[in-house]
Structures are given as C-alpha cells and as structure tokens.
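First up is the structure itself, then whatever we jot down about it.
If you read the sequence from its start, that first residue is 1, and numbering goes on from there. Note that this is a predicted model, so its numbers are computed, not measured.
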Amino acid sequence: MNYQLAVIPGDGIGPEIVEQALKVLDKIGQLYDHSFAYEKLLAGGCAIDAKGEPLPNETIEACKKSDAVILGAVGGYKWDTLPGHLRPEKALLGLRGELGLFANLRPAIIYDELKDACPLKPEIIGDSIDIMVVRELTGGIYFGERGRREGKMGKEAFDTETYSVGEVERIAKIAFEIAKKRNLKVTSVDKANILESSRLWREVVIEVSKEYPDVALDHLYVDNAAMQLIRNPRQFDVIVTSNMFGDILSDEASMITGSIGMLPSASLGENSFGLYEPIHGSAPDIAGQDKANPIATILSIAMLLRYSLNLEKEAQAVEEAVIKVLKEGYRTGDIMSPGKTLVGTKKMGELIVDTISKQ
Ligand code: NAD
C-alpha cells in the first residue's frame with residue numbers, strides 16, 4: 001500500500017528524533033512492502049522564523065490531505081518572549097482544532113528493563129504497568145463559555161464545562177475499540193456525584209458500552225482515580241475521561257513510568273486520521289547534541305501504524321524491536337543506569353532499525 005504522511009519535525013530535538021522515526025518507517029516499508037511518502041512541513045518556532053506565524057496555512061492544508069501526521073516537538077528559548085498568539089505552542093492547539101483531533105491517547109507503560117525509573121515501590125508495580133489514557137480533547141471546560149462579571153463579592157470569573165451526547169459517544173467508542181485490542185476493560189472517570197455534565201457523561205458511556213458486551217466497564221470519580229493510579233495502577237487497562245480530568249490524569253499516569261523520553265501519544269479524529277508525537281517537548285537544553293532519546297517518537301510511529309493505518313503486525317514489529325534493544329542494554333542518557341551501554345540519538349535509531357524483523 002502507498003501512504004502519504006505529513007511530517008512536522010519542529011524545533012529543538014524535533015528534527016533529530018523525527019529523522020530516526022522515519023528510518024524506522026522506511027524499514028517497515030521495505031519488510032512489509034508498503035511505500036511511505038513524506039511531506040515535510042513547518043510549524044512552531046521554525047515556522048515563525050520562516051513565515052512569521054507558528055502554523056502556516058499550507059501546513060494545515062497538507063496535513064488535511066495526508067493519511068496521518070508525525071510531529072517532533074515545537075518551542076524553544078528563542079521564541080519564549082513572543083506574545084501568546086505568536087508562540088510556537090500555538091501551533092499545537094491550532095493543529096488539534098483544524099484537524100478535528102478529539103481523542104488523545106497516551107499509553108503509560110513501564111518496561112521491564114526500566115523499572116528502576118518508576119517512582120513507585122516494586123510491589124506496587126508488580127510484573128508490569130500498561131495503561132492507556134483516552135482523553136477527550138476538543139470539548140469540556142477548555143472550550144466552554146468563559147468570562148468575567150460582577151458578583152456579590154466583587155469581580156468574578158467563570159469557565160463552563162459542557163458535553164454533548166455526540167461528543168461523549170465518539171470518545172467512548174474510541175475507548176471501547178482500543179480496549180478490544182487490549183485487555184477488555186474500560187474505566188470511565190468523571191465527577192458524577194457533583195457535576196451534571198459528568199452525569200450525562202456516565203449515562204452515555206453506559207449506553208455505548210452496550211455495543212461492547214465483551215469489554216468490562218467501571219466508573220471512578222476523578223479524585224479516587226488520581227489516588228488509585230498511585231495505590232494500584234495495575235487495575236487499569238483503558239481510562240476514558242474528559243478534557244480537563246484527562247489532562248491531569250494522563251500526566252500523572254505518564255510520570256509514574258518515570259521516563260519522559262519513552263512515551264508516545266496519538267491524537268485521533270474521524271476516520272482514523274491522527275497526529276502522532278512524543279509526549280515530551282523540544283528539549284532545547286540538549287538539542288543538536290545527539291543526546292535525545294528517539295524512542296518516544298519511534299513508539300509514536302507504532303501507534304500510527306496501529307491506529308491510522310490499521311497495520312497491527314507492523315506496529316508490533318516496531319514495539320518488539322524497541323524492547324529487544326533495551327534488553328540488550330543500550331540506553332540514551334535520560335534512561336542510563338550503571339552497567340548499560342550509553343548511545344546517542346542516531347545510534348539508538350540505527351539499533352532499532354537493524355533489530356526490526358518481519359513477524
Ligand atoms: P521538555 O519535555 O522539552 O524537556 C524536559 C526535560 O526532559 C529536559 O531536561 C529535556 O532535556 C528532557 N527531555 C525531553 N525529551 C527528551 C528526550 N527525548 N530525550 C532525552 N531527554 C529529554 O519540556 P520543557 O523543557 O518544559 O519544554 C521545552 C520546550 O518544549 C518549551 O518551549 C515547551 O513549550 C515545549 N514543549 C513542546 C511540546 C510539544 O511540542 N508537544 C510539549 C511540551 C513542551
């Protein structure tokens with residue numbers, strides 16, 4: 001098959017890590033007889049420098065025509081003093097909105113080889129932790145009506161949490177579909193004891209769950225979910241939640257893995273279109289030094305293969321190569337520990353490419 005991919009390397013370590021990710025895709029293409037065509041696009045600080053704006057229209061248009069988008073990271077010291085609407089990070093929100101990316105998927109996995117990086121006790125981690133947080137990305141309080149007004153105690157400010165049946169239905173369906181490919185469990189997180197929008201959320205999730213009789217569903221209030229993620233993270237498979245709760249819980253879940261350079265993410269829209277990026281930023285402190293860990297971006301490629309191109313075997317081939325290289329003891333600086341072999345960005349990319357084999 002031929003696939004057209006939009007590639008936004010971005011700023012800082014973005015171009016270095018994306019280069020390794022594309023090598024991985026090329027190897028998958030060779031082994032499985034796919035052809036991937038890349039269109040490199042500007043967004044973030046480099047777009048401000050070249051075009052005077054963080055998200056040029058041609059970038060948006062090219063992304064819309066592609067099968068999926070690969071993003072490195074945007075931002076850096078150079079652009080830190082610009083006004084809000086001209087900041088590189090504006091490109092991220094712009095892309096999500098323009099591309100209709102309403103579901104954010106963030107896996108939090110503790111790899112056997114990197115258990116030391118986890119801040120939790122070994123008896124809590126157990127054999128492994130593998131959680132997928134599915135966060136609604138374009139609704140809720142971040143997009144609701146907001147403002148300021150005069151109140152009884154002086155000026156007051158308000159933000160509004162609103163969810164429609166359609167918005168909850170589509171994110172719930174994504175969560176159940178993902179659970180079908182994983183361990184058949186969805187935990188829906190809300191605050192239905194207090195919030196009306198959460199009560200609707202819960203009703204709709206229960207309704208959608210009827211289409212997925214093989215998937216177990218439970219519900220947690222968000223405060224309890226935050227606690228359970230630390231107390232017993234192994235109980236979770238897929239967590240589905242609203243924009244704000246997901247913002248907080250996905251950071252909490254990813255940080256219990258302790259390794260920012262390892263974690264990928266996907267933002268999905270309709271018809272399996274998606275944008276794939278590492279969860280970390282542009283790491284300007286190590287940019288251009290061959291120190292960045294490319295694994296989060298390479299694992300984002302595995303998510304792209306799985307969720308946008310429906311190429312499960314190919315996705316697994318990438319993930320297995322990453323695990324094998326870690327097992328052989330190779331580490332970039334961020335995940336280095338005594339007795340392991342320190343390698344740079346390029347070498348880590350090459351090792352993974354050389355290890356990928358047809359399943
Ligand atoms: P960061 O994630 O870029 O870096 C935090 C720390 O983690 C740094 O010490 C960095 O060296 C390290 N780190 C990050 N990724 C790494 C990797 N792959 N390998 C090894 N070490 C890695 O976060 P920050 O320092 O808060 O932000 C830097 C810039 O990135 C800012 O301009 C910020 O706005 C931007 N940012 C962009 C995105 C994005 O593009 N999606 C996300 C977060 C932050």
Side-chain angles (χ1 to χ4, degrees), residues 1-10 14 17-18 20-41 43 59-73 91-92 94-107 109 132-138 170-182 238 240 250 263-279 294-322 352 356 359:
M1 280 286 285
N2 297 326
Y3 300 100
Q4 176 68 38
L5 301 173
V7 179
I8 303 175
I17 51 180
V18 165
Q20 306 314 312
L22 297 187
K23 283 199 246 166
V24 164
L25 259 183
D26 288 339
K27 177 74 179 277
I28 289 289
Q30 279 166 26
L31 289 177
Y32 289 86
D33 208 15
H34 303 302
S35 126
F36 299 106
Y38 310 120
E39 184 172 8
K40 291 224 174 140
L41 302 163
T59 297
I60 300 170
E61 289 311 312
C63 287
K64 283 183 179 165
K65 285 188 204 130
S66 70
D67 293 307
V69 183
I70 300 165
L71 175 80
L92 300 173
L95 277 169
R96 285 175 195 164
E98 290 286 344
L99 302 177
L101 304 170
F102 63 85
N104 186 231
L105 275 51
R106 271 212 206 175
I109 298 175
M132 177 70 84
V133 181
V134 178
R135 165 190 171 195
E136 201 289 325
L137 205 56
T138 53
R170 65 184 185 178
I171 191 82
K173 276 185 183 155
I174 289 208
F176 282 102
E177 288 294 334
I178 289 170
K180 264 170 63 176
K181 294 181 181 171
R182 293 172 46 100
V238 175
V240 63
S250 62
L263 297 174
S265 79
S267 300
L268 302 182
E270 302 289 355
N271 304 324
S272 64
F273 178 76
L275 179 148
Y276 298 83
E277 59 179 325
I279 70 157
I295 294 181
T297 317
I298 290 170
L299 291 172
S300 302
I301 293 295
M303 293 186 86
L304 182 154
L305 292 164
R306 174 170 294 122
Y307 295 115
S308 279
L309 309 186
N310 205 17
L311 300 173
E312 178 60 31
K313 270 197 217 139
E314 289 84 336
Q316 280 177 20
V318 174
E319 289 164 348
E320 277 164 30
V322 167
I352 294 169
I356 294 174
Q359 304 289 300

What's the separation between atom CD in Glu277 and atom CG in Leu71, rounded to the nearest 0.5 Å? 4.5 Å
My understanding is that only residues two or more places apart in sequence, or in another chain, count here; which of them pass side-chain contact (heavy atoms from CB on, under 4.5 Å) with Leu101? Leu99, Ser267, Phe273, Leu275
Out of curiosity, Leu25 CG to Ile301 CD1, how far, rounded to the nearest 0.5 Å? 4.0 Å
Taking C-beta and beyond as the side chain, do Leu304 and Val69 meet within less than 4.5 Å on heavy atoms? no
With heavy-atom distances below 4.5 Å as the criterion, would you say the side chains of Leu263 and Pro107 are in contact? no
Could you give the side-chain donor-acceptor pairs of residues 170-179 under 3.5 Å, partners two or more places apart or in another chain?
{"from": "Glu177", "atom 1": "OE2", "to": "Tyr212", "atom 2": "OH", "distance (Å)": "2.8"}

When you look at NZ of Lys181, are more than 12 heavy atoms from neighbouring residues, nucleotides or ligands closer to it than 6.0 Å? yes
Who are the side-chain contact (heavy atoms from CB on, under 4.5 Å) partners of Ala266, not counting sequence neighbours? Leu105, Leu268, Tyr276, Met303
Straight-line distance of Glu98 CD to Ile60 CD1, nearest 0.5 Å: 4.0 Å
When every non-hydrogen atom of Pro278 is compared with those of Ala296, the smallest separation belongs to CB-CB, 3.5 Å
With a cut-off of 3.5 Å and sequence neighbours excluded, list every side-chain donor-acceptor pair involving residues 2-9.
{"from": "Asn2", "atom 1": "OD1", "to": "Ser35", "atom 2": "OG", "distance (Å)": "3.2"}

Nearest 0.5 Å, what's the OH-NZ distance between Tyr32 and Lys313? 7.0 Å
Go through it in stages, so that I can follow the logic: the residues are Leu309 and Asp67, the test is side chain to side chain contact (heavy atoms under 4.5 Å, CB included), and I'd like the CA-CA distance, side-chain angles, deciding distance and then a yes or no. CA-CA 8 Å; Leu309 309 186; Asp67 293 307; 4.2 Å; yes
Please round to the nearest 0.5 Å and tell me the distance separating atom CZ of Phe102 and atom CG of Leu137. 10.0 Å
Test item: Lys65 and Glu39 side chains (from C-beta on) under 4.5 Å apart, heavy atoms: no
Pairwise side-chain contact, Thr297 with Val24, heavy-atom cut-off 4.5 Å (strictly under): no
Criterion side chain to side chain contact (heavy atoms under 4.5 Å, CB included) on Ile70 and Ser300, from CA distance to verdict: CA-CA 8 Å; Ile70 300 165; Ser300 302; over 6 Å; no
Test item: Glu320 side-chain N/O and Val322 main-chain N/O as donor-acceptor pair under 3.5 Å: no
Can you tell me how far the CD1 atom of Ile28 sits from the CG atom of Leu311, to the nearest 0.5 Å? 9.0 Å
Return yes if some donor-acceptor pair links the side-chain N/O of Ser250 with the main-chain N/O of Val133 below 3.5 Å, else return no. no
Is the side chain of Ser265 donor-acceptor paired with the backbone N or O of Arg106 at a distance under 3.5 Å, no angle test? no
Hits for side-chain contact (heavy atoms from CB on, under 4.5 Å) against Ala321, two or more places apart or cross-chain, chain-then-number order -> Ile352, Thr355, Ile356
Using the test salt bridge (Lys or Arg N to Asp or Glu O under 4.0 Å), find all partners of Arg306 that sit at least two apart in sequence or belong to another chain. Glu312, Glu319
